[in-house]
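Following: one structure in structure tokens, then a few remarks.
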Amino acid sequence: MSTLIKEERHKFPALADREPDDLVQDFFVQKIEQVTVMLVTQATSDASVGKLLRRSIRHWLIDEARKTGTGPLRRSLEKILGGEAVFEQVPAGQAGAGRWRLAGTDAAPFGDDLDGLVQAARKVRDVRPPRWTSDTRRPPVADRRSITAVLTAVLEAAGGSLETAQLVFVFSRRFAAALDPIEVALNDVTQLGDVPSEEATGEDLVIAADSELDAACAAAEIVGRLSDNEKSTVPIWDDANAVRERLGAGRTQAYAAMDRAKKKVLDLAGTGPDAEQIVREVIKLCR
């Protein structure tokens, strides 16, 4: 098992700083009972034991890699919570001191299941990806206006105050694709859309060109978050036979790959007015 963990670890750059032996120990502590039950009930041969075990390890490593993104996410949320007048921190001496709530409210601390808040976060429309140029730091999950809108919706749905950790949990579920641990460097981002003709003039053209550039930059960032298989799938994600042939996969695996790639791209593209254009640019780049 330790050999499998060390082999799979190399696929996740976000875990490069974690010692292999520490990962092995953490996996045993967190998952050994669950994995043992799974193997006893599902494995039918030595070969299936290996496949099931490797799949369990890979899924666990993905979860561990995703955690590396929650630190920046927490800092982004705290910066916006503390910088927007619509939010306030519950003062000392009141129930839920230190939690966050909508300014001017005094409801009790939220104590229900967080799944309802995740659904409230997903209902917010016009969520836009951020403008981002750094190739060394993880971008925010969305632009500031979008994050503020989602925070507001979540706190309204809660009807009370929330801890920062609860908000981080909700955002990590709503923007799971943005925290995906697989990051592939995009070596050539010069294909950022068509450049308008020099003869074209007018305010409309300037606005259109700016919009195209924004969409193209957002698309380049999204492509940089896709694995090789996902990039191969995107241009043909509506053709199961083509995906099967390209990935050398079975029918079930092909459909799963199509759904995963489409969901990830649509999630990262946001729900703003440029979302459809961003998706088209992603498809163009993946070709």
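Note that the structure is a prediction, hence the values are computed from the model and not measured.
Nearest heavy-atom pair, Ile147 versus Leu77, reported as atom, atom and distance to 0.1 Å: CG2-CD2, 3.8 Å. Here the closest non-hydrogen pair linking Ala85 and Ala103 is O-CB, 3.4 Å. Looking at every heavy atom in both residues, Ala261 comes nearest to Thr233 through CB-CG2, 4.1 Å. Taking all atoms of both residues into account, the shortest heavy-atom contact from Ser161 to Pro109 is OG-CA, 3.3 Å. Heavy-atom minimum distance, Ala157 versus Ala120: CB-CB, 3.7 Å. In terms of heavy atoms, Leu155 sits closest to Phe87 at CD1-CD2, 3.6 Å.
Here Phe110 contributes atom CZ and Leu117 contributes atom CG; the two are 4.0 Å apart, rounded to the nearest 0.5 Å. If you take CZ on Arg58 and CD1 on Ile5, they are separated by 13.0 Å, rounding to the nearest 0.5 Å. To the nearest 0.5 Å, atom CZ of residue Arg174 and atom CG of residue Asp267 are 5.5 Å apart. Interatomic distance, Lys263 NZ to Glu230 CD, rounded to the nearest 0.5 Å: 11.5 Å. Taking CZ from Arg128 and CZ from Arg145, the interatomic distance works out to 5.0 Å, rounded to the nearest 0.5 Å.
Panel note: side chain Ser146, backbone Ala142; no donor-acceptor pair is recorded below 3.5 Å. Checked by atom type and distance alone, the side chain of Gln89 pairs as donor or acceptor with a backbone atom of Gly98 at under 3.5 Å. Checking side-chain atoms of Gln25 against main-chain N and O of Asp22 turns up no donor-acceptor pair under 3.5 Å.
By the rule that hydrophobic residues join a cluster once side-chain heavy atoms approach within less than 4.5 Å of another member, Ile236 and Leu266 end up as members of separate clusters. Taking hydrophobic clusters as Ile, Leu, Val, Met, Phe, Trp and Tyr residues chained together by side-chain heavy-atom distances below 4.5 Å, Val150 shares a cluster with Val118. Following chains of ILVMFWY side-chain contacts shorter than 4.5 Å, one cannot reach Leu81 starting from Val90, and the two form parts of different hydrophobic clusters. With hydrophobic clusters built from ILVMFWY side chains whose heavy atoms lie under 4.5 angstrom apart, Trp237 does not share a cluster with Leu247. When hydrophobic clusters are built by joining Ile, Leu, Val, Met, Phe, Trp and Tyr residues whose side-chain heavy atoms come closer than 4.5 Å, directly or via intermediates, Val243 is not grouped with Val265.
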Carefully, step by step, assess Lys51 and Arg55 under the rule side chain to side chain contact (heavy atoms under 4.5 Å, CB included). CA-CA 6 Å; Lys51 291 180 180 179; Arg55 185 181 66 182; over 6 Å; no
Show the numbers, then the answer: is there a side chain to side chain contact (heavy atoms under 4.5 Å, CB included) between Val127 and Phe175? CA-CA 11 Å; Val127 174; Phe175 296 98; 3.8 Å; yes
Residues Glu281, Ile283; criterion side chain to side chain contact (heavy atoms under 4.5 Å, CB included); working and verdict: CA-CA 5 Å; Glu281 289 289 342; Ile283 294 173; over 6 Å; no
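Side chains of Arg246 and Asn229 form no contact here, defined as non-hydrogen atoms less than 4.5 Å apart. Contact of the Thr105 side chain with the Leu102 side chain is registered, since non-hydrogen atoms from C-beta on lie closer than 4.5 Å. For the pair Cys286/Leu226, a side-chain contact is recorded, criterion being any heavy-atom separation below 4.5 Å from C-beta on. Using a 4.5 Å heavy-atom cutoff, the side chains of Val234 and Val223 are not in contact. Using a 4.5 Å cut-off on side-chain heavy atoms (C-beta onward), Asp238 and Met258 make no contact.
Taking a 6.0 Å sphere around CG of Asp46, one finds it holds 12 or fewer heavy atoms contributed by other residues, nucleotides or ligands. In this structure, Arg251 places its CZ atom where only 12 or fewer heavy-atom neighbours from other residues, nucleotides or ligands lie under 6.0 Å away. Annotation: Glu245, atom CD; neighbour count of heavy atoms from other residues, nucleotides and ligands within 6.0 Å does not exceed 12.
Salt-bridge check for Arg75 with Glu78: failed, with every basic side-chain N at 4.0 Å or more from each acidic carboxylate O. With respect to the salt-bridge test (charged N to carboxylate O, under 4.0 angstrom), the residues Asp115 and Arg173 do not qualify.
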List the atom pairs, donor and acceptor, that lie under 3.5 Å between side-chain atoms in residues 34-44 and the rest of the protein, sequence neighbours left out.
residue	atom	partner	partner atom	Å
Gln34	OE1	Lys31	NZ	3.0
Thr36	OG1	Ile32	O	2.6
Thr41	OG1	Val37	O	2.9
Thr41	OG1	Met38	O	3.2

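Within the structure, salt bridge (Lys or Arg N to Asp or Glu O under 4.0 Å) contacts touching residues 82-109 (residues at least two apart or in different chains) are Glu84-Arg144, Glu88-Arg101, Arg99-Glu163.
Annotation: Trp60 is in aromatic contact with Phe27 [ring centroid separation under 6.0 Å].
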